[in-house]
Amino acid sequence: MTAETISYRAAGPAEWRDFLALTKPRVMTLVVFTGLCGLLAAPDHVHPVIGFTAILCIALGAGAAAALNQWYEADIDALMRRTANRPLPAGRMDRDAALHFGVGLGTFSVLLMGLAVNVLAASILAVSILFYVLVYTVWLKRRTPQNIVIGGAAGAFPPLIGWAAATGRVELLPLLLFALVFLWTPPHFWALSLFVRSDYANAGVPMLPVVAGARVTRSQVLLYTLPMAAAAIAPWPLGLAGLLYGVSATVLSAAFLALAVAVARSTEADQAKMRAERRLFGYSIFYLFAIFGVLVADRWIAS
(Lines give C-alpha, C1' and ligand atoms only; values in the text may rest on other atoms or scores of the structure.)
Protein backbone atom coordinates (compact mmCIF):
# COMPACT_ATOMS: atom_id res chain seq x y z
CA MET A 1 0.00 0.00 0.00
CA THR A 2 1.30 3.47 -0.87
CA ALA A 3 0.24 6.95 0.17
CA GLU A 4 -1.24 7.56 -3.27
CA THR A 5 -3.64 4.60 -3.07
CA ILE A 6 -5.19 5.49 0.28
CA SER A 7 -8.62 7.12 0.37
CA TYR A 8 -9.48 9.50 3.19
CA ARG A 9 -13.18 9.98 2.35
CA ALA A 10 -15.19 9.01 5.41
CA ALA A 11 -18.25 6.84 5.05
CA GLY A 12 -20.33 9.14 7.27
CA PRO A 13 -20.17 12.21 9.52
CA ALA A 14 -17.32 12.21 12.01
CA GLU A 15 -18.10 11.93 15.71
CA TRP A 16 -17.08 14.48 18.32
CA ARG A 17 -14.44 12.01 19.52
CA ASP A 18 -12.76 12.21 16.13
CA PHE A 19 -12.58 15.99 16.26
CA LEU A 20 -11.17 15.74 19.77
CA ALA A 21 -8.58 13.21 18.55
CA LEU A 22 -7.51 15.69 15.86
CA THR A 23 -6.36 18.09 18.59
CA LYS A 24 -3.93 15.49 20.05
CA PRO A 25 -5.19 16.01 23.63
CA ARG A 26 -2.27 14.17 25.29
CA VAL A 27 0.27 16.40 23.56
CA MET A 28 -1.91 19.43 24.29
CA THR A 29 -1.68 18.71 28.02
CA LEU A 30 2.03 19.56 28.13
CA VAL A 31 1.55 22.59 25.87
CA VAL A 32 -1.22 23.97 28.07
CA PHE A 33 0.74 23.26 31.25
CA THR A 34 3.85 25.13 30.10
CA GLY A 35 1.66 28.02 28.94
CA LEU A 36 -0.12 28.10 32.31
CA CYS A 37 3.20 28.07 34.15
CA GLY A 38 4.44 30.96 32.03
CA LEU A 39 1.35 32.91 33.04
CA LEU A 40 1.56 31.98 36.74
CA ALA A 41 5.29 32.69 36.97
CA ALA A 42 4.87 36.20 35.56
CA PRO A 43 5.24 39.05 38.06
CA ASP A 44 2.01 40.83 37.10
CA HIS A 45 -1.36 39.84 38.53
CA VAL A 46 -3.88 38.74 35.94
CA HIS A 47 -7.63 38.56 36.44
CA PRO A 48 -8.78 34.91 36.68
CA VAL A 49 -11.18 35.33 33.75
CA ILE A 50 -8.45 36.79 31.55
CA GLY A 51 -6.05 34.07 32.65
CA PHE A 52 -8.57 31.33 31.89
CA THR A 53 -9.25 32.86 28.48
CA ALA A 54 -5.53 32.99 27.69
CA ILE A 55 -5.04 29.32 28.58
CA LEU A 56 -8.16 28.38 26.62
CA CYS A 57 -6.76 30.17 23.57
CA ILE A 58 -3.42 28.36 23.95
CA ALA A 59 -5.28 25.04 24.08
CA LEU A 60 -7.43 25.90 21.06
CA GLY A 61 -4.40 27.11 19.11
CA ALA A 62 -2.47 23.93 19.91
CA GLY A 63 -5.47 21.86 18.87
CA ALA A 64 -5.77 23.77 15.61
CA ALA A 65 -2.09 23.21 14.79
CA ALA A 66 -2.45 19.49 15.54
CA ALA A 67 -5.55 19.21 13.35
CA LEU A 68 -3.85 20.93 10.42
CA ASN A 69 -0.79 18.73 10.93
CA GLN A 70 -2.95 15.61 10.65
CA TRP A 71 -4.80 17.03 7.65
CA TYR A 72 -1.51 17.54 5.80
CA GLU A 73 0.13 14.30 6.97
CA ALA A 74 -2.81 11.93 6.48
CA ASP A 75 -0.88 10.04 3.81
CA ILE A 76 2.16 9.26 5.96
CA ASP A 77 0.02 8.69 9.07
CA ALA A 78 -1.68 5.87 7.15
CA LEU A 79 1.69 4.17 6.65
CA MET A 80 2.79 4.23 10.30
CA ARG A 81 1.47 1.74 12.81
CA ARG A 82 1.26 4.17 15.74
CA THR A 83 -0.75 6.73 13.73
CA ALA A 84 -2.80 4.56 11.35
CA ASN A 85 -5.88 4.69 13.59
CA ARG A 86 -6.12 8.47 13.62
CA PRO A 87 -9.44 9.80 12.25
CA LEU A 88 -8.20 10.62 8.73
CA PRO A 89 -6.15 7.55 7.80
CA ALA A 90 -8.74 5.32 9.48
CA GLY A 91 -11.43 6.81 7.23
CA ARG A 92 -13.61 8.19 10.03
CA MET A 93 -13.40 11.78 8.83
CA ASP A 94 -13.41 13.74 5.60
CA ARG A 95 -10.18 15.66 4.93
CA ASP A 96 -12.07 18.87 4.19
CA ALA A 97 -13.75 18.64 7.59
CA ALA A 98 -10.34 18.41 9.27
CA LEU A 99 -9.03 21.36 7.27
CA HIS A 100 -12.01 23.57 8.06
CA PHE A 101 -11.92 22.55 11.70
CA GLY A 102 -8.23 23.39 12.04
CA VAL A 103 -8.43 26.73 10.23
CA GLY A 104 -11.56 27.75 12.12
CA LEU A 105 -10.18 26.76 15.50
CA GLY A 106 -6.88 28.53 14.89
CA THR A 107 -8.50 31.72 13.65
CA PHE A 108 -10.91 31.80 16.58
CA SER A 109 -8.13 31.24 19.14
CA VAL A 110 -6.02 34.11 17.81
CA LEU A 111 -8.96 36.52 17.51
CA LEU A 112 -10.19 35.69 21.01
CA MET A 113 -6.69 36.12 22.46
CA GLY A 114 -6.32 39.50 20.75
CA LEU A 115 -9.73 40.80 21.78
CA ALA A 116 -9.90 39.41 25.33
CA VAL A 117 -6.24 39.36 26.42
CA ASN A 118 -3.74 41.44 24.41
CA VAL A 119 -2.32 41.78 20.93
CA LEU A 120 1.20 40.61 21.83
CA ALA A 121 -0.02 37.28 23.19
CA ALA A 122 -2.28 36.86 20.15
CA SER A 123 0.60 37.61 17.79
CA ILE A 124 2.88 35.03 19.41
CA LEU A 125 0.05 32.50 19.34
CA ALA A 126 -0.47 33.13 15.62
CA VAL A 127 3.25 32.73 14.95
CA SER A 128 3.34 29.45 16.89
CA ILE A 129 0.45 27.97 14.89
CA LEU A 130 1.87 29.09 11.55
CA PHE A 131 5.35 27.91 12.49
CA TYR A 132 4.13 24.42 13.39
CA VAL A 133 1.96 24.07 10.30
CA LEU A 134 3.98 25.82 7.60
CA VAL A 135 7.60 25.56 8.77
CA TYR A 136 7.62 22.20 10.56
CA THR A 137 4.79 20.22 8.93
CA VAL A 138 4.87 21.49 5.35
CA TRP A 139 8.50 22.54 4.87
CA LEU A 140 10.75 20.56 7.22
CA LYS A 141 9.11 17.26 8.18
CA ARG A 142 9.60 15.46 4.86
CA ARG A 143 12.78 17.23 3.75
CA THR A 144 15.43 17.15 6.46
CA PRO A 145 16.50 15.07 9.46
CA GLN A 146 16.84 18.39 11.31
CA ASN A 147 13.06 18.76 11.16
CA ILE A 148 12.55 18.30 14.88
CA VAL A 149 15.43 20.63 15.79
CA ILE A 150 14.12 23.67 13.94
CA GLY A 151 10.48 22.65 14.25
CA GLY A 152 10.88 22.28 18.00
CA ALA A 153 10.49 26.04 18.29
CA ALA A 154 6.76 25.60 17.67
CA GLY A 155 6.28 23.78 20.97
CA ALA A 156 8.46 26.27 22.85
CA PHE A 157 6.12 29.25 22.39
CA PRO A 158 3.49 28.53 25.12
CA PRO A 159 5.54 29.87 28.09
CA LEU A 160 6.13 33.07 26.09
CA ILE A 161 2.43 33.31 25.30
CA GLY A 162 1.42 32.78 28.92
CA TRP A 163 3.90 35.39 30.15
CA ALA A 164 2.84 37.88 27.47
CA ALA A 165 -0.82 37.29 28.35
CA ALA A 166 -0.11 38.26 31.97
CA THR A 167 2.30 41.14 31.38
CA GLY A 168 1.93 42.37 27.81
CA ARG A 169 5.68 42.04 27.31
CA VAL A 170 8.48 39.51 26.77
CA GLU A 171 11.38 39.33 29.22
CA LEU A 172 14.46 37.23 29.90
CA LEU A 173 12.86 34.47 31.99
CA PRO A 174 10.23 33.46 29.42
CA LEU A 175 12.94 33.54 26.75
CA LEU A 176 14.97 31.09 28.84
CA LEU A 177 11.87 28.91 29.16
CA PHE A 178 11.50 29.05 25.39
CA ALA A 179 15.14 27.96 25.03
CA LEU A 180 14.61 25.15 27.53
CA VAL A 181 11.68 23.63 25.62
CA PHE A 182 13.42 24.23 22.28
CA LEU A 183 16.53 22.33 23.43
CA TRP A 184 14.48 19.67 25.25
CA THR A 185 12.57 18.71 22.09
CA PRO A 186 15.38 16.92 20.18
CA PRO A 187 16.45 14.51 22.95
CA HIS A 188 12.80 13.92 23.87
CA PHE A 189 11.69 13.21 20.31
CA TRP A 190 14.81 11.39 19.13
CA ALA A 191 14.50 9.00 22.09
CA LEU A 192 11.03 8.16 20.79
CA SER A 193 12.11 7.98 17.16
CA LEU A 194 14.83 5.46 18.00
CA PHE A 195 12.30 2.82 19.05
CA VAL A 196 9.73 3.64 16.34
CA ARG A 197 12.19 4.36 13.53
CA SER A 198 10.78 1.58 11.33
CA ASP A 199 7.50 3.51 11.21
CA TYR A 200 9.30 6.58 9.88
CA ALA A 201 11.32 4.48 7.46
CA ASN A 202 8.16 2.88 6.06
CA ALA A 203 6.56 6.30 5.59
CA GLY A 204 9.67 7.82 4.00
CA VAL A 205 10.08 10.47 6.72
CA PRO A 206 13.78 11.41 7.06
CA MET A 207 14.01 11.30 10.83
CA LEU A 208 17.58 11.27 12.15
CA PRO A 209 17.66 7.54 13.12
CA VAL A 210 16.46 6.64 9.61
CA VAL A 211 19.02 8.68 7.65
CA ALA A 212 21.99 8.78 10.06
CA GLY A 213 21.55 5.63 12.12
CA ALA A 214 21.08 4.87 15.80
CA ARG A 215 24.65 5.63 16.92
CA VAL A 216 24.62 9.19 15.55
CA THR A 217 21.15 9.79 16.97
CA ARG A 218 22.17 8.59 20.43
CA SER A 219 25.17 10.94 20.36
CA GLN A 220 22.94 13.84 19.34
CA VAL A 221 20.58 13.07 22.23
CA LEU A 222 23.47 13.55 24.65
CA LEU A 223 24.79 16.59 22.80
CA TYR A 224 21.49 18.47 23.03
CA THR A 225 20.98 17.49 26.67
CA LEU A 226 23.96 19.59 27.75
CA PRO A 227 22.69 23.03 26.60
CA MET A 228 19.17 22.02 27.66
CA ALA A 229 20.40 21.46 31.21
CA ALA A 230 22.24 24.79 31.12
CA ALA A 231 19.07 26.59 30.00
CA ALA A 232 17.08 24.87 32.75
CA ILE A 233 19.49 25.89 35.51
CA ALA A 234 20.27 29.40 34.16
CA PRO A 235 17.39 31.27 35.88
CA TRP A 236 18.97 30.51 39.27
CA PRO A 237 22.44 32.09 38.83
CA LEU A 238 20.83 34.95 36.87
CA GLY A 239 18.70 35.82 39.88
CA LEU A 240 15.42 35.04 38.13
CA ALA A 241 14.59 32.10 40.41
CA GLY A 242 15.43 31.08 43.95
CA LEU A 243 17.06 28.21 45.79
CA LEU A 244 14.10 25.83 45.50
CA TYR A 245 14.12 26.11 41.72
CA GLY A 246 17.91 26.06 41.44
CA VAL A 247 18.41 22.87 43.45
CA SER A 248 15.41 21.15 41.84
CA ALA A 249 16.48 22.07 38.30
CA THR A 250 20.02 20.87 38.99
CA VAL A 251 18.88 17.50 40.34
CA LEU A 252 16.26 16.97 37.63
CA SER A 253 18.74 17.92 34.91
CA ALA A 254 21.44 15.67 36.35
CA ALA A 255 19.04 12.75 36.19
CA PHE A 256 18.17 13.64 32.58
CA LEU A 257 21.87 13.78 31.74
CA ALA A 258 22.50 10.38 33.33
CA LEU A 259 19.71 8.86 31.23
CA ALA A 260 21.07 10.57 28.10
CA VAL A 261 24.52 9.11 28.82
CA ALA A 262 22.90 5.67 29.09
CA VAL A 263 21.27 6.22 25.70
CA ALA A 264 24.58 7.34 24.17
CA ARG A 265 26.24 4.17 25.45
CA SER A 266 23.44 1.85 24.36
CA THR A 267 23.99 -0.56 21.50
CA GLU A 268 20.54 -2.17 21.61
CA ALA A 269 19.27 -2.83 18.08
CA ASP A 270 15.90 -4.41 18.91
CA GLN A 271 13.26 -1.66 18.76
CA ALA A 272 10.95 -3.72 20.96
CA LYS A 273 13.48 -3.42 23.80
CA MET A 274 15.61 -0.25 23.88
CA ARG A 275 15.12 0.23 27.62
CA ALA A 276 17.47 3.21 27.85
CA GLU A 277 15.64 5.09 25.11
CA ARG A 278 12.22 4.31 26.58
CA ARG A 279 13.31 5.40 30.06
CA LEU A 280 14.64 8.71 28.72
CA PHE A 281 11.49 9.35 26.70
CA GLY A 282 9.25 8.71 29.71
CA TYR A 283 11.44 10.75 32.05
CA SER A 284 11.66 13.66 29.62
CA ILE A 285 7.90 14.22 29.91
CA PHE A 286 8.05 14.13 33.71
CA TYR A 287 11.10 16.41 33.59
CA LEU A 288 9.35 19.24 31.78
CA PHE A 289 6.27 19.04 34.00
CA ALA A 290 8.50 19.07 37.10
CA ILE A 291 10.75 21.93 35.98
CA PHE A 292 7.85 24.21 35.16
CA GLY A 293 5.89 23.23 38.25
CA VAL A 294 8.83 23.93 40.56
CA LEU A 295 9.43 27.28 38.85
CA VAL A 296 5.89 28.40 39.64
CA ALA A 297 6.20 27.22 43.25
CA ASP A 298 9.53 29.03 43.60
CA ARG A 299 8.17 32.28 42.17
CA TRP A 300 5.13 32.16 44.42
CA ILE A 301 7.27 31.54 47.52
CA ALA A 302 9.50 34.48 46.58
CA SER A 303 6.50 36.78 46.17
Side-chain angles (χ1 to χ4, degrees), residues 22-25 27-69 101-137 150-185 231 234-235 238 240-241 288-289 291-300 302-303:
L22 275 185
T23 66
K24 297 183 182 178
V27 175
M28 187 195 298
T29 301
L30 189 54
V31 170
V32 170
F33 183 75
T34 57
L36 175 62
C37 289
L39 185 145
L40 295 177
D44 295 5
H45 173 75
V46 60
H47 191 282
V49 174
I50 300 299
F52 173 80
T53 303
I55 299 307
L56 175 63
C57 291
I58 292 174
L60 295 177
L68 292 171
N69 169 268
F101 176 69
V103 171
L105 201 62
T107 302
F108 176 74
S109 68
V110 172
L111 289 176
L112 181 59
M113 183 77 89
L115 293 172
V117 185
N118 62 60
V119 174
L120 178 60
S123 299
I124 301 173
L125 178 61
V127 169
S128 69
I129 296 171
L130 293 173
F131 194 96
Y132 186 77
V133 175
L134 299 179
V135 177
Y136 171 67
T137 301
I150 305 168
F157 281 109
L160 275 177
I161 300 169
W163 187 283
T167 66
R169 58 188 183 271
V170 172
E171 297 172 284
L172 180 57
L173 181 56
L175 288 173
L176 287 172
L177 298 178
F178 176 95
L180 167 60
V181 180
F182 177 75
L183 294 165
W184 166 90
T185 303
L238 291 174
L240 302 172
L288 211 60
F289 273 110
I291 285 282
F292 276 83
V294 169
L295 174 65
V296 172
D298 182 89
R299 298 277 291 186
W300 280 15
S303 63

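Quantities reported herein were computed from a predicted structural model and do not represent experimental measurements. We count residues from 1, following the sequence as given.
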Closest non-hydrogen atom pair, Phe182 against Gly152 | CD1-C, 3.9 Å
Among Asp298, Leu295, Leu172, the one residue meeting side chain to side chain contact (heavy atoms under 4.5 Å, CB included) with Leu240 = Leu172
Check whether any side-chain N or O of Thr137 sits under 3.5 Å from a backbone N or O of Leu134 as a donor-acceptor pair, and report yes or no.
-> no
Rounded to the nearest 0.5 Å, what's the gap from CD1 on Ile150 to OG1 on Thr185? Could you check?
-> 12.5 Å
Compare all side-chain heavy atoms of Ser109 with those of Ile129 and state whether any distance is below 4.5 angstrom.
-> yes
Do Ile124 and Val170 come close enough that some side-chain heavy atom pair is under 4.5 Å?
-> yes
Side-chain heavy atoms of Pro43 within contact of Trp163, under 4.5 Å = yes
Distance-minimising heavy-atom pair for Val46 and Gly51 | CG2-N, 3.9 Å
With a 4.5 Å limit on heavy-atom distance, are the side chains of Val117 and Thr53 in contact?
-> yes
Check step by step if side-chain contact (heavy atoms from CB on, under 4.5 Å) holds for Phe292 and Val181.
-> CA-CA 10 Å; Phe292 276 83; Val181 180; 3.8 Å; yes
Val31 versus Ala62, closest heavy-atom pair with distance = CG1-CB, 3.9 Å
If you look only at pairs with a residue in residues 35-59, which of them pass as a salt bridge (charged side-chain N to carboxylate O under 4.0 Å, His left out), with sequence neighbours excluded?
-> Asp44-Arg169
Could you list the residues that satisfy side chain to side chain contact (heavy atoms under 4.5 Å, CB included) with Thr107, not counting sequence neighbours?
-> Val103, Leu111
Applying ring pair (Phe, Tyr, Trp, His ring centres under 6.0 Å) between Phe157 and each of Tyr132, Phe178, Tyr136, report the one that passes.
-> Phe178
Can you tell me how far the CG atom of Leu160 sits from the OG atom of Ser128, to the nearest 0.5 Å?
-> 10.0 Å
Side-chain touch Trp300/Leu40, heavy atoms, less than 4.5 angstrom = yes
How long is the gap from CE on Met113 to CD1 on Ile50, to the nearest 0.5 Å?
-> 10.5 Å
Might you point out which heavy atoms bring Pro159 and Pro174 nearest each other, and give the distance in Å?
-> O-CB, 4.4 Å
Atom of Thr167, atom of Ala42 and distance for their closest heavy-atom approach = CG2-CB, 3.7 Å
Under 4.5 Å between any side-chain heavy atoms of Thr29 and Phe289, yes or no?
-> yes
Contacts satisfying salt bridge (charged side-chain N to carboxylate O under 4.0 Å, His left out) that involve residues 110-123 (not counting sequence neighbours) are none
Compare every heavy atom of Val110 with every heavy atom of Ala122, then report the nearest pair and how far apart it is.
-> CB-O, 3.6 Å
Please walk me through it: do Phe33 and Leu288 pass side-chain contact (heavy atoms from CB on, under 4.5 Å)?
-> CA-CA 10 Å; Phe33 183 75; Leu288 211 60; over 6 Å; no
Verdict with reasoning, Ile58 to Leu39, per side-chain contact (heavy atoms from CB on, under 4.5 Å) | CA-CA 11 Å; Ile58 292 174; Leu39 185 145; over 6 Å; no
CG on Leu56 to CZ on Phe108, rounded to 0.5 Å | 7.0 Å
